[in-house]
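Residue numbers start from 1 in every chain, and the chains themselves are labelled A, B, ... in the order their sequence lines are given, proteins ahead of strands.
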There are 2 protein chains.
Amino acid sequence: MDRLDREILRLLQNDATLSVSDIAEQIGLSSTPCWRRIQNLEKLGIIKKRVALLDAEKLNLGMTVFVQVKAAQHDINWLGRFAEYAAGIEEIVEFYRMSGEYDYMLKVVVADMKAFDVFYKRLVGGIELSDVTSSFAMEQIKYTTALAI
Amino acid sequence: MDRLDREILRLLQNDATLSVSDIAEQIGLSSTPCWRRIQNLEKLGIIKKRVALLDAEKLNLGMTVFVQVKAAQHDINWLGRFAEYAAGIEEIVEFYRMSGEYDYMLKVVVADMKAFDVFYKRLVGGIELSDVTSSFAMEQIKYTTALAI
DNA sequence: GTTGAAACGTATCTACC
DNA sequence: GGTAGATACGTTTCAAC
């Protein structure tokens, strides 16, 4: 993981459609060694996947909600069931175990308040939670998948 | 935006390396119309971009923090300056204006607590904030960029 | 207007230095 | 890390339905 690898990652996490020769040119290398570096970064799992990012607004998924929950039981089995349950719910796009007052933070993307209500009922109906609080995003000011490397 | 378009989006937001003919085959279409649909989805901005997703852990960026802040002033200029300021800080990967007690929610990705402290000082030093509270993620249980279409 | 097929140019990947 | 070449792919054009 030298400087050139980092430059490759920086380019690819902003635009995965760049051709190997484009990248090679930008970092000052010929195609093949550049291609080999990219292959290696993929083999190491540093590049996890390449995905298309969609416009949530245009797909009528303009509502983002942060849902904080407290565990009903503080045992590992409960977490396992919750994790498995959440993995299957497409509206939950991010899910973290947290320190502090609330045990879990979910980021949920839905169409509108009505859709959120459907999701909410499904969430609380599917697993026992002791406390749930929802914070609604009114505006997305920044969203990036690019890490500071 | 019919069923086939949605299927294309569903495939591409999970794997943007799929070739047009792969996608065409999976949705039961020939290459050319499939290619045209993809072009159109890009032209409409529904497909915003294609990016590489990196492994944060492997890049030593294992710490995710949700930072909630209250505005120092509730005027549009202050928000504009804050938005511009945050856009330039790579550690801030998501940024929302919120309803509720706190006005803004930031998602911050850093290496460790020391790096977070550096970020924190930069944040509070760069712009006037009236209240800041940080919640630390101990474990990422789910993360996806794929929307529920 | 929508599809399939064929042709061209370019990117990817292998073999070798 | 670099060079040359085979292969596969995306892209465009054209003809058929």
Integer-rounded Å distance: [N] [atom2] and [X] [atom1]:
X     : N      : atom1 : atom2 : value
A:N40 : D:dG1  : CG    : C1'   : 14 Å
B:R50 : C:dA11 : CZ    : C1'   : 15 Å
A:I8  : C:dT12 : CD1   : P     : 13 Å
A:I38 : D:dG1  : CD1   : C1'   : 15 Å
B:D22 : D:dC9  : CG    : P     : 8 Å
A:L18 : C:dT10 : CG    : P     : 17 Å
B:E25 : D:dC9  : CD    : C1'   : 15 Å
A:Q39 : D:dG1  : CD    : P     : 15 Å

B:T32 (side chain) and C:dT2 (base): donor-acceptor pair under 3.5 Å: no
Sugar-phosphate only, base, or nothing, as touched by B:R37 at under 4.0 Å among non-hydrogen atoms: nothing
Sugar-phosphate only, base, or nothing, as touched by B:S19 at under 4.0 Å among non-hydrogen atoms: sugar-phosphate
5′-ward residue of the pair A:V20/B:S30 relative to DNA chain C: B:S30
Residue whose closest nucleotide on DNA chain C lies nearer the 5' end, A:S31 versus B:P33: B:P33
Lys/Arg N to Asp/Glu carboxylate O, [X] vs [Y], below 4.0 Å:
X     : Y     : value
A:R37 : A:D5  : yes
B:D2  : B:R6  : no
A:E42 : A:R50 : yes

A:Y143-B:K107 side chain donor-acceptor pair, cut-off 3.5 Å: no
N/O (side chain, B:W35) to phosphate O (OP1/OP2, D:dG10) under 4.0 Å: no
Phosphate OP1/OP2 of C:dT14 contacted by A:R36 side-chain N/O (<4.0 Å): no
Exceeds 12 heavy-atom contacts within 6.0 angstrom, atom CD of B:Q39: yes
